[in-house]
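Only one structure is covered here, and it is reproduced in the block below.
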Amino acid sequence: MKTRHDCQRAGMIPARWQKPQTHNYEAGVGNLIDIKDVSHTFATDGGPLHVLDHLNISVPDGGFCAVVGPSGCGKSTLTRLIAGLMIPDKGEVWLHDERVKSPRSTVGMAFQNPVLLEWRSILKNVMLPLEIVPTKLTRKQQVERAEFLLALVGLEGFEDKKPSELSGGMRQRASLCRSLVHSPEVLILDEPFGALDAFTREDLWQTMHKVKAEEPFTGVLITHDLRESLFLGDQVVVMSGRPAHAQYVMDIPFNGPRVLDDLYSAETAERLAILRHQIEIAQGRAKAENPA
Amino acid sequence: MKFQKILVPLVAMVIFLILWELLVWANGWPNYKMASPSDLWPAYARYGELFVIYGWQTLWRTVVGLLLAIVVGTLIGMVMGFSRVMRDALYPLLVGFNAVPKATVVPIVALMFVGAHDFNTVLIAFMISFFPIAVSVSIGLSTLEPEYRDILRSLGASNMTIFWKIALPKTLPEFFGALKVAVTLAFIGTNLMEIVSPHGRGLGALFDSGKTNSDYPLMFAVLIALAVLGIVLYYIVVALEQIFAGWAERSPN
């Protein structure tokens with residue numbers, strides 16, 4: 001397997017990631033993703049649907065923000081806003097001190113549905129973004145880059161297989177590689193593990209940590225799984241019910257690599273209880289103690 | 001395995017011919033009621049050259065009509081697949097157009113372009129066969145999951161790139177399914193025109209002359225020749241499908 005150093009030498013990893021990452025939690029400074037006071041209303045057949053209401057979220061460079069919230073609260077709208085696939089009615093979305101007004105190649109996306117192209121091999125699927133995004137890599141380096149990522153997620157030896165020959169978890173791993181192949185600054189994950197069984201999901205959580213250690217990116221993860229948000233995120237945002245704002249933000253200090261056993265610690269149980277309570281408030285099933 | 005794949009249909013065909021022969025023999029039907037396979041050989045032997053010339057005419061007209069149907073059908077399908085408004089606007093028109101029996105259109109077209117045999121025939125072959133192609137392409141495109149589009153759109157890809165890289169290849173299995181239907185329809189179109197059009201050419205005209213001259217074995221011989229052409233063209237489409245959309249076929253296990 002190729003190491004991170006091999007890839008750096010080959011110029012596959014942009015220089016901005018070769019320096020050590022520093023987290024900067026100061027508001028407005030060094031944030032890679034800034035969602036500022038965003039409101040959005042959809043026109044539907046049943047009348048206007050107000051989904052987002054003065055939403056504010058900031059994710060520092062290299063951070064990993066997990067977003068949880070009740071169903072239909074506009075979480076997927078949020079991913080489309082960050083990806084530039086939509087422009088909000090009100091408010092602004094900033095990526096790297098640049099206002100997002102259209103899609104940009106510095107974003108990678110993965111969905112619950114792995115949407116692999118059935119007629120392409122796994123390797124060719126992973127390389128798809130490199131056909132769209134301008135890249136300095138030679139053809140050979142592109143193949144090496146894709147092979148490096150596939151090996152990183154444990155799909156070594158499956159390069160020439162077709163998606164239909166892979167299991168659901170493996171397809172999701174390949175989809176993850178595709179979203180990372182062009183070295184995006186921002187990785188947007190919209191419930192990528194939602195359709196997987198519990199064991200496969202836990203496997204993929206660990207893979208995510210492995211990937212994060214090798215491939216620096218700033219992540220936004222939409223999920224319905226509170227344990228997943230705690231295991232993967234260094235910041236968990238609870239969105240309120242529709243129209244949604246950021247109701248509660250929990251910072252999870254990152255002390256050393258996380259292992260699955262951490263999920264059963266007293267600390268995690270406490271955080272889970274808080275998050276569950278916040279979700280109940282968001283769903284309108286519980287009242288906030290401090291309405292202020 | 002390969003051998004078996006060819007042998008089985010051949011044996012089935014021979015059994016079919018034997019049963020046909022037996023049916024005619026057992027009922028003692030004269031050849032004007034139902035010709036038997038043994039009556040066909042003399043017809044082929046006598047009109048061999050005509051069968052080759054007319055068969056070629058029928059074949060090329062059908063293929064040209066089909067190619068036209070593919071181009072126009074795909075274009076209409078694309079317009080309907082990408083635009084909701086165009087789909088709502090064009091669907092009733094297309095369905096209505098398709099519902100009109102083409103046998104009724106044949107004399108109209110024949111009168112409209114008197115004497116232009118080739119053009120008329122190709123036109124009818126086209127008119128009868130573009131509908132399934134247009135519908136399948138439009139359904140293939142309009143049912144494309146939004147995530148597929150978003151994967152490329154979020155990277156800043158243009159609509160054209162999305163069409164070439166994802167929408168088009170993803171629609172190919174449906175397209176070939178429709179093309180198999182369109183092949184046989186195009187043959188019907190070609191022959192309708194060839195039979196009806198005065199001083200026509202092609203196998204349809206040969207069929208018509210068999211009718212005029214009470215040469216019943218000739219009429220049956222034409223039918224069989226048409227069937228053979230249809231089978232050949234169908235399997236050419238199947239071969240193309242294997243090449244371009246073979247990925248859609250799952251290995252049976």
Side-chain angles (χ1 to χ4, degrees), chain A residues 76-77 79-86 95 100-122 124-135 161-165 174-176 178-184 186-192 195 220, chain B residues 74 77-78 81-85 87-88 136-137 139-179 237-253:
Chain A
S76 290
T77 307
T79 63
R80 295 175 63 80
L81 288 174
I82 300 171
L85 293 170
M86 272 173 49
L95 284 191
V100 176
K101 284 179 178 160
S102 61
R104 49 192 55 223
S105 56
T106 54
V107 169
M109 283 185 109
F111 308 94
Q112 180 169 341
N113 178 353
V115 287
L116 297 175
L117 312 183
E118 299 284 336
W119 54 94
R120 287 179 175 228
S121 68
I122 292 300
K124 289 267 175 65
N125 260 292
V126 171
M127 288 169 66
L128 176 71
L130 298 175
E131 296 167 23
I132 313 290
V133 171
T135 173
K161 294 264 191 272
K162 289 279 160 66
S164 57
E165 297 173 88
S175 163
L176 191 63
R178 180 182 56 193
S179 63
L180 286 167
V181 74
H182 54 299
S183 306
V186 177
L187 181 65
I188 302 170
L189 303 169
D190 192 350
E191 289 192 56
V220 176
Chain B
T74 305
M78 275 171 71
F82 283 129
S83 159
R84 186 72 197 269
V85 177
R87 185 151 73 248
D88 290 345
S136 78
V137 170
I139 289 176
L141 294 180
S142 62
T143 54
L144 186 72
E145 291 96 325
E147 287 105 328
Y148 279 99
R149 213 163 296 162
D150 286 352
I151 283 286
L152 288 193
R153 227 162 57 87
S154 65
L155 297 170
S158 67
N159 276 334
M160 217 46 212
T161 310
I162 295 172
F163 177 76
W164 282 113
K165 294 227 182 264
I166 293 188
L168 181 73
K170 210 169 157 40
T171 313
L172 279 181
E174 280 106 338
F175 170 79
F176 276 105
L179 194 54
V237 171
V238 170
L240 289 175
E241 184 184 27
Q242 286 287 331
I243 294 168
F244 292 108
W247 52 267
E249 205 171 288
R250 301 284 159 91
S251 52
N253 51 35

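Owing to the predicted nature of the structure, the values given are computational and were not obtained by experimental measurement. Lettering of chains follows the sequences in order, A, B, ..., and the numbering in each one begins at 1.
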Qualifying residues under side-chain contact (heavy atoms from CB on, under 4.5 Å), relative to S105(A), sequence neighbours excluded: V133(A)
Report the residues that fulfil side-chain contact (heavy atoms from CB on, under 4.5 Å) with S175(A), sequence neighbours left out, ordered by chain and then residue number. A110(A), P114(A), L116(A), Q172(A), R178(A)
Members of residues 156-164 of chain B whose heavy atoms come closer than 4.5 Å to chain A: G156(B), A157(B), T161(B)
Side chain proximity check, R149(B) to I166(B), heavy atoms < 4.5 angstrom: no
Which pairs with one or both residues in residues 157-172 of chain B pass salt bridge (Lys or Arg N to Asp or Glu O under 4.0 Å), sequence neighbours excluded? E131(A)-K165(B)
What part of L85(A) is in contact with chain B, defined as an atom under 4.5 angstrom from a non-hydrogen atom: side chain, backbone, both or neither? both
Please identify which of these residues, I82(A), I188(A), V100(A), meets the side-chain contact (heavy atoms from CB on, under 4.5 Å) condition with V107(A). I188(A)
Is R80(A) paired with D150(B) through a side-chain N to carboxylate O contact shorter than 4.0 Å? yes
